[in-house]
*Asks:* 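One structure is given below, represented as structure tokens, and several questions about it will come after.
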Amino acid sequence: MQVVVLLAGVVDPKWRLDRLALRPGAALVDETGLPRRLGPFDEAALETALKLRDADPAVRATAVLVGGPEDDALLRAVSAFRPHRAFRFGGAATSLWDPRAAVRLLGAAVAAAAERPDLVLMGREFGDGDDGTLPPALAEARGWRFCGLAHAVTLAGDGTVALRRMRGPREEILRLRPPVLASVTNDRGNRLRHPLLKHVMLARRAPVEAIAPPPEAGEGAPALALRGIAAVPPPPRGGGACRLLTGPIETQVEELATLLRRWRAVGEG
Amino acid sequence: MRRVCALVPLGDPAIADPFAAVAAAAAVAARGGGQASAILLAREARRGDAALAQAAREGAAEILRAAHPALPEAPQAEHLLAAFAHLLRTEARDGLFILPAGPVGEELAARLALRLDAVPLGRCTDIAWEGRTLLARRPAYGGRAEARLATEATLCLAAMRRPAAAAAPAGGAPAVRAVTLDVALPGDLEPPGVAEPAADAPRRPEGARIVVAGGRGMGGAEGFAQLRELAALLDGAVGASLPAVDAGWAAVAQQVGQSGAFVAPELYLAFGLSGTAQHLAGIGPGTRIVAVNPDPEAEIFRVAELGLVAPWQEVLPRLIGRLRRA
């Protein structure tokens, strides 16, 4: 069973994006000086792959970090979790903004990991530029079965992949025959474990495996071009002035309770 | 401006607001001086009667009622894809097609685009034309940035939420056509199993009039138990931030934010929430926020109308006690 987990990384959300802009003359975002880390959905996908590896010795888990040399430190962090193989796929100009081009690139990344993948895992959003388009688009392009927003994935004895997800008000259990692509959402059950310190140290010293995309992965004019990028403040709400309650806590709570009683009365009326 | 058309799958309980697509299409079309159309897809034609009236109210000037008798009662994405792909191949070879934002609509938009050799635009906040160029805006970096994208493609698919301001209804009754589909649907799909819901399964925050939400500052499951108590007293639902779901204090279905549910209650009670852009992106712009946080500098107070600078432990038990006595 070949399990491939695709990872994108995100800019550390604790850092401000004030200087975010396009590189001069290029449709690429300049993230200079912004540290990168695995996003919460990358982490959920990686932990899911590690759980499958732990549960079944027949599983071979390969982690692919899509990005350029600036992501090598991130790849070492991924290697510390000891997947069977971890490599970086892409170059300095890797861009995922055009979904059709991104799908070609990601398809090549999976092919570099496994000739015949059984299960491909991705975070429900792939990197900072994706809002959930890339996982279903990749599945569709490759003709793989797709399950979006899976929060638990196991291998069933009959060769199918069992995936649990919330779909509207109900929790569904899908049993899909490989090849399957699942986008993984965060959940208590797939919170990323901590790597052993000795594995962290080993990963820091080990050489990084990097694979350049084949020329055909970059063919074709972009169908969707990035024209601009800028940090945006949260939309204004409530007139921009918050009334902070003051006085003893009992008084503050009573004022809030009065407000909520009124609210409740209107709803019941 | 090109044709703007909403694609509306009907009868799927996983789609909270299917007509958001019509409202969004009408708003996009109106800004370009045009009118939107809508394709309503259901299993039975009669299911479309009420939907027809609502699509008209939302601003559709032309409506195609499509029925496919072989659609399952609970269709899977593959069924909807086959039906919509057939409709677009036969009814419209170019234009901008908008699906309702949310997991189902966004999956359909992405996969339809790939299937029809179109351009997927993702979950957009705004779409306009500059000559023949389509310009789309969509959130990036967890909602902390906005990307501006451009394409010359003539066939594009996007997902959009209901706009804050509705477009004026189309003048007069919409032109309506009906079609019954017989395109083959995938027949080899095993229906998904449905997990037995737990007796104490939480109410989903979408659609609730009041959402009582907690974040990392709640510190543990005990705080969320109190949030549930408060929500029950207010006939509301509990929401949570991504870190709180990660920690296992709340279910994934309760996650609110850029990467969770989009909620638009009248009141959002935020406990122990710092107010990150990622979380705020999941709260409707018309929602009033009341925040409780011990840090007076917390971002949540920049967007709240009313605030208590205090730890939740000092507020929640007192508040529950008072509301119980009322």
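Computation of the quantities below employed the complete heavy-atom set of this structure, encompassing side-chain atoms and omitting hydrogens, waters and symmetry-equivalent molecules.
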*Asks:* Among A:T258, A:L149, A:V11, which residue forms the greatest number of heavy-atom pairs with chain B at distances under 4.5 Å?
*Replies:*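 That would be A:V11.
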*Asks:* Please indicate whether B:R216 has more than 12 foreign heavy atoms, meaning atoms of other residues, nucleotides or ligands, lying under 6.0 Å from its CZ.
*Replies:*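 No.
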*Asks:* Side chain, backbone, both or neither: which part of A:E172 has a heavy atom under 4.5 Å from chain B?
*Replies:*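 Both parts, backbone and side chain.
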*Asks:* Please give me the minimum heavy-atom distance between A:V253 and B:R322, naming the atom from each residue.
*Replies:* CG1-CD, 4.0 Å
*Asks:* Does any heavy atom of chain B fall under 4.5 Å from the side chain of A:P13, the backbone, both, or neither of them?
*Replies:*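 Both backbone and side chain.
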*Asks:* Do you know which of B:P139, B:A145, B:P296, B:A277 has the most heavy-atom pairs with chain A at a distance under 4.5 angstrom?
*Replies:*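 Of the candidates given, the most pairs with chain A belong to B:A145.
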*Asks:* Kindly give the heavy-atom pair with the smallest separation between B:A74 and A:R170, and that separation in Å.
*Replies:*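 Minimum heavy-atom contact is CB-NH2, 4.0 Å.
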*Asks:* Of the backbone (N, CA, C, O) and the side chain (C-beta and beyond), which part of A:V10 lies under 4.5 Å from a heavy atom of chain B, both, or neither?
*Replies:*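 The answer is neither part of A:V10.
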*Asks:* What option among B:A195, B:G102, B:A16 has the most heavy-atom pairs under 4.5 Å with chain A?
*Replies:* B:A195
*Asks:* Please look at B:E78 and chain A and tell me whether the side chain, the backbone, both or neither of the residue comes under 4.5 angstrom of a heavy atom of that chain.
*Replies:*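 Just its side chain gets close to chain A.
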*Asks:* Do A:D128 side-chain atoms and B:A140 backbone N/O form a donor-acceptor pair below 3.5 Å?
*Replies:* no
*Asks:* Donor-acceptor pair, B:R144 side chain versus A:L17 backbone, under 3.5 Å?
*Replies:*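 Answer holds: no.
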*Asks:* Where is the tightest heavy-atom contact between A:W263 and B:R209, given as atom of each residue plus distance?
*Replies:*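 Scanning both residues completely, I find the closest heavy atoms to be O-NH2, 3.0 Å.
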*Asks:* So which residue, A:P136, A:A225, A:A231, ends up with the most heavy-atom pairs under 4.5 Å with chain B?
*Replies:*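 Sorted descending by pairs with chain B, the first entry is A:A225.
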*Asks:* Against chain A, label B:I210 side chain, backbone, both or neither, depending on which of its atoms sit under 4.5 Å from a heavy atom there.
*Replies:* side chain
*Asks:* Mind ranking A:D130, A:V232, A:L259, A:T133 by heavy-atom pairs under 4.5 Å with chain B and telling me who comes out on top?
*Replies:* A:V232
*Asks:* Which atoms form the tightest heavy-atom contact between A:Q252 and B:V309, and what is the distance?
*Replies:* OE1-N, 4.4 Å
*Asks:* What's the shortest heavy-atom distance between B:P120 and A:L224, and which atoms?
*Replies:*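 So the two residues come closest at O-CD2, 3.8 Å.
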*Asks:* Are A:R167 and B:E107 ion-paired here, with the side-chain N under 4.0 Å from a carboxylate O?
*Replies:* no
*Asks:* Tell me whether A:R19 at atom CZ has more than 12 heavy atoms from other residues, nucleotides or ligands lying less than 6.0 Å away.
*Replies:*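 No.
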*Asks:* By a 4.5 Å heavy-atom criterion (distance strictly below it), what part of A:E250 contacts chain B: side chain, backbone, both, or neither?
*Replies:*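 Interface part for A:E250: both.
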*Asks:* Look at the side chain of A:R124 and the backbone N and O of B:S259, then say whether any donor-acceptor pair between them is shorter than 3.5 Å.
*Replies:*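 Side chain of A:R124 to backbone of B:S259, a donor-acceptor pair under 3.5 Å: yes, one is there.
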*Asks:* Determine the minimum heavy-atom distance between B:A110 and A:A137, stating which atoms define it.
*Replies:*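 Minimum heavy-atom contact is CB-N, 4.3 Å.
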*Asks:* Spell out, as yes or no, whether a donor-acceptor pair under 3.5 Å connects the side chain of B:T151 to the backbone of A:A223.
*Replies:*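 Checked: pair present.
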*Asks:* Is a side-chain donor-acceptor pair under 3.5 Å present for B:Q255 with A:N186?
*Replies:* yes
*Asks:* Any Lys/Arg nitrogen of B:R115 or A:E140 sitting under 4.0 Å from an Asp/Glu carboxylate oxygen of the other?
*Replies:*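 Yes, this pair counts.
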*Asks:* Between the main-chain N or O of B:V119 and the side-chain N or O of A:R100, is there a donor-acceptor pair closer than 3.5 Å?
*Replies:*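 Such a contact is absent between A:R100 side chain and B:V119 backbone.
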*Asks:* Salt bridge check: are B:E190 and A:R175 linked by an N-O gap of less than 4.0 Å?
*Replies:* no
*Asks:* Counting only non-hydrogen atoms closer than 4.5 Å, does A:L244 touch chain B with its backbone (N, CA, C, O), its side chain (CB onward), both, or neither?
*Replies:*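 Both parts, backbone and side chain.
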*Asks:* Any side-chain heavy atom of B:D246 sitting closer than 4.5 Å to one from A:D187?
*Replies:*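 With C-beta onward as the side chain, the pair stays apart.
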*Asks:* Let's test your reading of the structure: which of A:L176, A:L134, A:L174, A:I249 forms the most heavy-atom pairs below 4.5 Å with chain B?
*Replies:*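 The residue among A:L176, A:L134, A:L174, A:I249 with the greatest pair count is A:I249.
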*Asks:* As an exercise: rank B:T276, B:V290, B:D117, B:L81 by heavy-atom pairs under 4.5 Å with chain A and give me the winner.
*Replies:*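 Winner by heavy-atom pair count: B:D117.
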*Asks:* CZ of A:R177: more than 12 outside heavy atoms within 6.0 angstrom?
*Replies:* yes
